[in-house]
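Below: the structure, in structure tokens.
In what follows, chains are A, B, ... by sequence order, proteins preceding strands, each numbered from 1. All heavy atoms count here, side chains included; hydrogens, waters and symmetry mates do not.
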Amino acid sequence: MTEPVISVEDLSIEYRIGREWLSAVESVDLRINPLQIHGLVGESGSGKSTVAMAMIHYLARNARISDGRIIFDDQDLRTVGDSAIREIWGNQISLVPQNTMDSLNPSLRISRQMTEVTRRHLGIGATEAHERAEDALRHVQIADPEQVLSRYPHQLSGGMVQRVMIAMALSTRPRLVVLDEPTTALDVTTQAVILDLLRDLIKEEEAAALYVSHDLGTVAQLCDYVTVLYAGEVMESAPVDELFAGPRHPYTAGLLACLPSSTGGSKARLTNIEGVAPSLGARSSACVFADRCPLATDTCRRSKPPLEDAGDGRLVRCWRWREIAAGEITPFETSQRTERAAGPSRSLVLSAHGMSKRFGEKRALDRLTGRRSPGVQALRDVSVEVNERSTFGLVGESGSGKTTLARSILALIEADKGELRLSDQPVSLELKHRDRETLRNLRTVFQNPDDSLNPYRTVGQTIGRTIHKLSLERRSRSAVRAQVEELLTAVGLTADYYDRRPAFLSGGEKQRVAIARAFAPNPALVIADEPTSSLDVSVQAVIINLLKDLRAAEGASYIVISHDLEVVSYLADNIAVMYLGEIVEQGAGEAVLRFPSHPYTEALLSAAPTPDPAARHHPIALRGEVPSPRNRPSGCPFHTRCPRKIGTVCETDVPPVRTGENGHEIRCHYPLAELKAIQDAGPPASGPSAADTPPDEEGDR
Amino acid sequence: MAEKDYAEPAAHAAPAPGSAPKRRSRLRTAITANPLAFIGAAGVVIFVLLTLFGPLLAPYSYDQIIRGTDIGGETRRALTSRPPSADFLFGTDQRGRDIFSRMLWGARETIGLPLVATIISVIIGSSLGLFIGYVGGLVDDIISRILDSLISIPAMVLALVMISTIVPLLSASGSRLIAVLGPSNISLTTVIVLIYVPIISRIARSATLSVRDRGYIEEAKLRGEGTMHILFRQILPSVLPALVVEASLRLSYAIILVTSLGFLGLGVQPPSPEWGRMVLDARTQISEAPWELWYPVLGIAVLIISFNLMSDGIRRLLRNEE
Amino acid sequence: AGGSTEAEQSEPEEKILRIGLRKLTTIDPALGANDPEVMFNRLQYDYLVEILPDGTLEPSLATDWEISEDGLTYTFDLRSGVTFEDGSSFGAEDVVYTFERLVSEGSSIVGLMGQNEDGSATWTVEAVDDLTAVFRLEEPNADFLYGVASRFAMVLSSESEAVNEFGDGEDTYASFNGTGPFILEEYAVDQSARFRANENYWGGAPALDGIELVFFDDDQSQLDAFRSGALDFVIKVPDDLVPALEQVPNATVLTRATNTHPVVRVRTDEGSIGEDVRIRQAFKFATDRELINLDALDGAGTVANNDPIGPTYGELYSPQDNREHDPARARELIEAVLADGTGNGYVVEVDGEARIEIPFYVGDTFEYGLVAEFLQQQWRESNIYVELNVVPENVYYAEGDNNWLNTQLGMTAWGARPTPQEYLSVAYTEGAAFNESRWDNEELARLAREASRTAEIDARAALYDEISGIFLESGPVIIPYFRPVVAAHADRVDGIVLHSFPGRTDFTGVDLR
Amino acid sequence: MTRYILRRLLLLAVTLLVTSFLIFALTNLLPGDIARLVLGRDASPTAIENFEAKFGLDRPPLAQYVDWLGGFLTADWGRSFTAGNPPVRDLVLSRLSNSLRLAGLTLAIVIPLSLLLGVVAALREGSITDSTISVVSLSVVGLPEFVTGIVLINIFALWLGWLPATAYIAQDMSFLQWIRLLILPALTASLVLTGYITRMTRAGMLEELKKPYVRTATLKGIPYRRVVFAHALRNALLPTIAVIALSIGWLMGGLVVIENVFNFPGVGSLLVTAVTQKNLPVLQAISVLIVFFYASANLVADLLFALLNPRVRLS
Ligand SMILES: Nc1ncnc2c1ncn2[C@@H]1O[C@H](COP(=O)(O)OP(=O)(O)OP(=O)(O)O)[C@@H](O)[C@H]1O
Ligand SMILES: Nc1ncnc2c1ncn2[C@@H]1O[C@H](COP(=O)(O)OP(=O)(O)OP(=O)(O)O)[C@@H](O)[C@H]1O
Ligand SMILES: [Mg+2]
Ligand SMILES: [Mg+2]
């Protein structure tokens with residue numbers, strides 16, 4: 001057995017909240033071998049960051065390690081002194097954090113920040129350090145390091161900053177790199193490139209890494225070994241392939257089963273892990289997962305299972321792992337029950353035509369003082385049609401205009417141009433000209449459950465008010481209350497939520513309330529903008545199921561917006577892909593997700609991290625990042641990044657709309673047949689490096 | 001944000017369904033967490049009670065000159081500038097008035113007047129701020145610009161300029177109401193309101209801007225709520241904490257302004273026993289009759305410190321709530 | 001004027017008298033009516049005729065004067081060899097300039113000297129020769145000399161382009177050009193003014209090397225400074241500070257009785273509170289003047305008898321008094337007025353009793369606010385209930401419905417005048433500029449006119465006695481007391497004689513030990 | 001950046017114009033004639049007419065404003081109503097230099113002291129030092145200047161007798177004498193300001209120390225003082241600049257009271273005198289001047305902020 005780079009033994013960490021010390025992490029064991037990328041997964045609050053930070057000996061002021069050892073380099077990090085740890089930091093262990101933009105000092109140039117580490121630890125002079133920094137940047141595929149070094153952080157895009165952070169972390173050839181959700185803030189396409197890069201670099205530098213993430217997909221793509229954390233405890237840890245192929249812990253199994261991709265393309269219901277993770281103070285002496293575990297026995301509820309060696313380097317903390325391993329019991333079976341409710345009808349519930357919206361009209365004062373703002377064309381002549389009882393999915397990277405389209409339809413912003421028809425009736429683009437009937441029929445669920453409910457009003461008030469304002473007939477107080485309670489039950493809550501305030505609801509519960517509110521007046525169309533993106537996977541599954549159930553029960557239609565292709569493809573009958581305010585491809589779900597597709601869709605699909613280690617591949621690398629809509633490329637807006645660019649046509653001419661069967665439309669200079677041919681031939685050669693495009697001047701993404 | 005301000009548990013996971021806030025214990029932890037704030041709050045409560053009931057407790061009227069001739073043959077002067085005694089708890093002043101009684105009466109001008117003025121300012125200012133913040137556009141631009149201009153005149157200067165004109169203006173108006181309420185009371189209130197309305201509306205406006213685009217506001221629009229409902233039922237509650245903090249801060253500034261103007265001889269006019277004015281009147285007595293000076297000085301100091309401790313406490317409390 | 005005197009200042013034995021004053025307002029000699037302004041000017045300028053601290057007249061720049069038989073021509077012989085600060089010599093032209101300027105600048109003294117409706121003078125002045133100036137009057141005026149001697153009539157140089165205005169650069173103080181005993185050296189507005197002795201003063205060089213005036217916002221800080229030894233002389237110490245003043249070691253308190261007095265007056269015109277004479281009497285019976293003097297001034301004032309001509313006028317003073325404090329009488333009178341319904345709405349019935357209810361406006365001068373408070377308390381016994389409004393001077397004497405000229409019941413401050421006639425002519429005759437009470441008494445007007453022409457002292461006293469009687473009977477005023485002026489000097493100061501108008505104090509004979 | 005500066009300057013000019021008009025309009029609200037207010041109750045109609053003619057008060061208000069503005073811009077600030085009608089400009093400027101000395105000394109005490117205290121408190125968050133600094137600054141921060149001033153006078157002038165209670169300024173005072181005079185007033189202003197700025201600095205520093213980049217810097221293994229001084233401090237001080245600018249605005253108002261407590265001949269006491277005497281030309285000049293200083297302080301702060309902050313500088 002090789003000597004691990006770092007090993008954590010029986011680690012327990014507590015936080016002081018008020019006057020109490022609450023345990024956040026309990027007896028965690030973890031070893032990272034040389035050259036290993038060790039994944040640490042778990043839902044929000046499970047203690048991933050706490051463990052990661054403990055491993056670099058950098059805990060919050062109100063944290064203490066109550067037990068355990070962290071052995072690095074034959075010494076327990078708990079006992080090293082202040083100056084000794086400063087020899088280790090940046091030199092032997094380095095960190096790539098999540099919030100990269102804030103992780104660089106905004107008032108110092110990149111060069112200064114990068115050379116600081118190398119000068120400190122490698123004992124080199126300024127010039128040499130500078131040269132090294134250039135090299136390091138080149139290593140992370142930045143084409144013009146000199147340029148980047150002379151910049152301030154805010155002048156760089158998010159992806160670029162993340163590259164800088166990675167270069168910096170690796171610049172002293174550390175033995176351990178801790179990556180705490182290094183890509184969560186990035187777009188999928190950028191994320192794919194960065195992960196790809198990371199994997200190669202870590203191997204190349206012969207380092208070991210701890211990769212912290214909540215996203216099973218990226219873990220599957222990147223890691224060699226995975227530890228699953230739940231409520232501060234290790235549930236299971238195993239080599240990546242084995243974990244994904246045969247989880248031994250019910251929780252792991254549940255997590256995998258929650259993913260929309262787990263249904264293998266079918267529309268089967270997703271598995272639900274009922275309940276929520278225990279909060280810090282509420283962790284019991286029993287199995288922490290017992291409350292939510294379908295297999296829990298009395299033993300499980302009474303005593304905590306030990307973390308057992310399950311052979312092959314696997315560890316499991318479950319009383320019943322042997323039964324599971326033997327296939328005697330199956331925790332979260334992916335049900336194959338496919339409920340095809342009344343299928344989508346042909347008639348349209350909504351049609352939007354030629355929607356355009358430009359932001360950044362000058363304010364009165366700016367007009368006086370002559371400040372110019374170029375304006376952002378957030379929507380360009382977008383048309384969508386939503387059938388009755390169907391779900392329309394909208395995907396695209398950040399800034400592509402998905403939200404703008406949704407809000408224009410809702411009239412929360414007033415589109416500059418466009419025509420809207422709801423159930424064949426023309427509808428005004430201005431909210432104040434919409435009648436009650438329109439308002440009633442067009443409802444929405446917002447992305448962020450935290451701000452979609454007024455913190456000062458109870459659940460009952462919120463939903464009741466909507467009923468009061470929008471229902472068809474006047475109702476008595478008690479009738480309204482009854483209806484609210486009915487709705488609450490319909491979204492899987494109980495009637496006693498009526499008097500709760502949002503502060504006492506979890507994210508998933510808030511989202512359920514928001515959904516109940518949306519459905520309160522029996523709408524014809526509900527627009528859900530990223531309804532699950534701020535939720536944990538297990539909760540996401542619950543919400544997705546709920547949306548599906550409601551559609552079946554209420555006969556409403558949806559527009560579902562998400563940057564997550566999996567979610568959209570799972571929910572939607574029709575899908576549109578947006579890029580820079582335009583729809584580049586749309587059609588029936590299967591048609592869009594199958595080839596031929598627009599090169600952008602192709603890249604998106606390839607970038608999406610599949611939670612299957614067997615399906616590892618190099619994603620199609622797009623050049624640079626999404627251009628700012630302020631300086632939108634001419635011709636085909638995608639030509640600056642397109643790996644299948646034909647030539648100058650793409651730069652000069654607006655691509656035509658290519659129509660395939662079943663109303664499948666693609667905006668591309670390639671005819672469909674040709675596109676299919678080249679895509680069948682395989683992915684494009686890995687695109688030119690990211691740095692070909694100059695750093696994004698706007699830099700505010 | 002990587003590290004959050006963890007003041008209370010359950011940053012991620014919500015408490016188990018059914019757990020209601022335990023009010024009593026929260027209060028107790030709040031007190032133990034910040035005892036100074038509660039000392040301040042207690043002080044403020046006492047001062048407010050004094051404002052309301054002080055005159056009832058006062059042995060004499062605020063302007064009653066206790067004359068030797070009343071007591072028996074002595075001249076008035078014999079009873080001026082008397083040190084504290086059982087008869088005159090805080091002593092008497094140069095005119096022979098009971099300082100203790102004067103301070104009790106004076107709480108009205110010293111605390112009551114700023115309080116009323118602050119309340120008026122908060123009402124006007126927050127309505128204005130809510131409105132322009134929510135409506136936005138040209139209205140907001142223009143009104144904000146005017147308010148900014150007003151803010152760019154330091155409060156003391158604005159107060160002086162206004163005092164110099166409003167007091168004579170009101171005194172000359174001959175209106176009965178003004179005469180009853182006292183021209184200097186009205187003008188001071190006006191001055192404070194004019195100074196504070198811009199500041200408070202700016203706060204209310206920016207607080208409004210920060211919630212204006214929240215989902216629940218948009219939801220309200222989508223169900224066809226009117227502007228008034230949105231402003232006062234949806235936005236106001238979220239803006240309220242910021243306003244409460246600001247109001248408590250403003251109140252203590254208003255007291256400072258009133259007492260300072262009183263000290264400059266430009267505030268509430270005698271014989272009204274406003275404390276700042278009492279300090280002014282007693283200044284030269286510092287060696288002969290120091291109590292004349294120290295009681296009002298002490299009164300003001302304790303008053304302001306109480307308010308500051310309290311408003312600091314409120315600020316922390318509300319920040320923690322978030 | 002001007003010039004650096006650094007060397008002099010650094011010498012310790014410099015004899016500089018430091019005087020505390022309130023801040024100056026207008027320093028134009030023709031307009032500056034109050035002590036600080038007059039003192040500031042008096043140091044630099046001289047009068048033709050000086051009024052001594054006891055009120056008698058004495059030659060100054062005029063060495064002698066002669067009044068014609070008919071009382072219409074006043075001839076002044078002027079002192080020769082007097083020069084102004086800028087070196088030009090003093091002559092009759094300067095006198096002409098000075099007095100014509102009083103008229104053109106609208107000095108209020110012109111009223112006493114003789115003035116037409118339109119503000120022009122009823123007299124002329126001319127230079128007969130270099131050292132003789134003649135005034136010609138249209139009708140006799142027994143007080144004309146007091147006009148010539150008044151505090152405004154400081155002799156200016158006819159060559160002045162401006163008077164007491166700041167010039168540019170070197171000439172900053174060029175227009176401060178007088179013949180007086182001191183020369184302005186430096187004037188920091190609102191802070192201090194420094195004078196040095198005029199070595200060539202015609203009356204002989206002053207004993208002092210110089211005088212420094214230090215200006216204050218309030219009497220209290222002024223007293224502070226005096227106490228700390230930073231000042232040698234303070235004037236017009238308000239009553240409530242007198243006890244503190246008396247505690248100051250090594251200082252002498254000076255007091256001089258004056259004719260300064262508060263006037264509580266009711267309006268007498270139609271529809272006013274005091275239209276019915278019984279109301280005026282009721283107020284008098286309701287007031288215990290002696291007690292007021294005791295309470296307000298610790299008895300330091302002189303109890304007055306409700307007419308403005310006080311004991312400082314010597315023979316002209318009439319001591320008659322028949323209005324003792326008598327609340328019962330006052331109540332009866334008020335009942336009677338209520339019964340007759342002539343109270344014009346100010347007399348009302350409350351709980352079966354007649355009472356007067358009215359706002360009382362008081363200008364906050366000296367201790368008068370205090371007096372008003374005592375009056376308010378006192379009057380209640382006589383069923384007079386006033387709602388007291390003590391307002392700042394600048395409000396009380398500004399325009400407005402409740403200012404000193406308009407309010408129904410008010411208390412006004414009247415300063416000491418060199419001659420009693422002035423009160424009558426400006427305040428108590430029909431059409432007079434400051435007839436606050438709108439009192440129209442033909443008999444009084446006649447007597448006053450008569451007195452103004454009567455120079456002979458006994459005859460004049462007789463007239464004033466009659467006038468006093470009218471005041472007692474139907475005068476719309478209560479005058480509780482005449483207040484003294486209080487000043488103090490450090491004991492090292494020698495030779496200060498307090499003037500009844502302290503601004504006119506003569507410093508030529510003052511020295512420092 | 002140049003554009004930005006120009007824009008800000010234009011805005012400053014507009015603000016000054018608006019406020020000067022506002023102040024002018026306010027002072028023109030005065031009922032009755034100012035002439036009588038200034039000349040006193042005995043003034044004759046002739047005297048009043050003369051006065052009005054001399055100061056142009058007989059002209060329509062707008063014309064007066066335009067005249068005044070024109071004069072103000074061409075360094076002719078008119079003449080004072082009182083005391084020999086000295087040119088307002090000389091009067092105000094001579095007082096201003098006194099006030100500026102006072103303000104200068106105050107800032108010289110306050111800025112280093114409060115930054116030091118603020119940073120120390122932040123670095124020792126939760127310690128005794130921190131809570132002491134916090135409590136003291138919290139209680140001192142709000143006391144009215146005259147209260148602080150009187151207490152200081154009592155201690156240092158009356159009780160210990162170290163320093164003069166009031167400030168008489170002679171023309172030929174030595175630097176040391178000057179400083180002696182300035183100490184107490186400056187100390188009074190400093191106490192109040194220090195409390196405020198300390199609290200703000202502490203808050204700013206704490207916030208900065210919580211930012212992720214501080215963690216990044218720490219994890220580079222560089223010494224702690226480098227993390228604090230080379231990384232956090234600079235950013236923490238950025239918002240403090242605005243706080244200091246705001247306090248300068250406060251100082252302008254606070255000096256009014258402080259100068260009166262100490263009888264200090266600065267613009268503040270002149271302003272109060274002008275208010276009591278209704279000396280409009282002086283009142284207007286000082287108000288506009290103070291607004292100018294205040295607005296300029298804010299402008300300078302903003303420019304400084306922009307200069308030190310690459311985010312703003314480079315956009
Ligand atoms: N400084 C702190 N003080 C108090 N509690 C803390 C602190 N930091 C984290 N916690 C709590 O400890 C638990 C674990 O937090 P941690 O940040 O390690 O979770 P995580 O798995 O990284 O979650 P996320 O995915 O949201 O980053 C959470 O309940 C969190 O609220
Ligand atoms: N109110 C606004 N004012 C100015 N620009 C805006 C506004 N709202 C959106 N934009 C711009 O319009 C473009 C489209 O934004 P939109 O929010 O519709 O994108 P999105 O696809 O929803 O992105 P995300 O996935 O980040 O939610 C972006 O460039 C954005 O910066
Ligand atoms: Mg984390
Ligand atoms: Mg969006």
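When each of A33(C), G32(C), A413(C) is checked for heavy-atom pairs under 4.5 Å with chain D, A413(C) comes out on top. When D90(D), T46(D), L270(D), L91(D) are compared by the number of non-hydrogen pairs under 4.5 Å with chain C, T46(D) comes out ahead. In terms of heavy-atom pairs under 4.5 Å with chain D, the best-connected choice from V189(C), D28(C), T26(C) is V189(C).
In this structure, the portion of V103(C) lying under 4.5 Å from any heavy atom of chain D is its backbone and not its side chain. Neither the backbone nor the side chain of S175(C) comes within less than 4.5 Å of any heavy atom of chain D. There is no contact between A193(C) and chain D, counting heavy-atom distances below 4.5 Å. Residue Y187(C) touches chain D through its side chain alone, counting heavy-atom pairs closer than 4.5 Å. Proximity to chain D (any heavy atom under 4.5 Å) is shown, for S120(C), by neither the backbone nor the side chain.
By the 6.0 Å contact criterion, CZ on F292(D) is open, its count of non-hydrogen atoms from other residues, nucleotides or ligands being 12 or less.
G106(C) and A47(D) get closest at one heavy-atom pair: O-CB, 3.6 Å. The shortest heavy-atom contact between N50(D) and E105(C) is ND2-CA, 3.2 Å.
Distance CG/N98(D) to CD/Q191(C): 6.5 Å, rounded to 0.5 Å.
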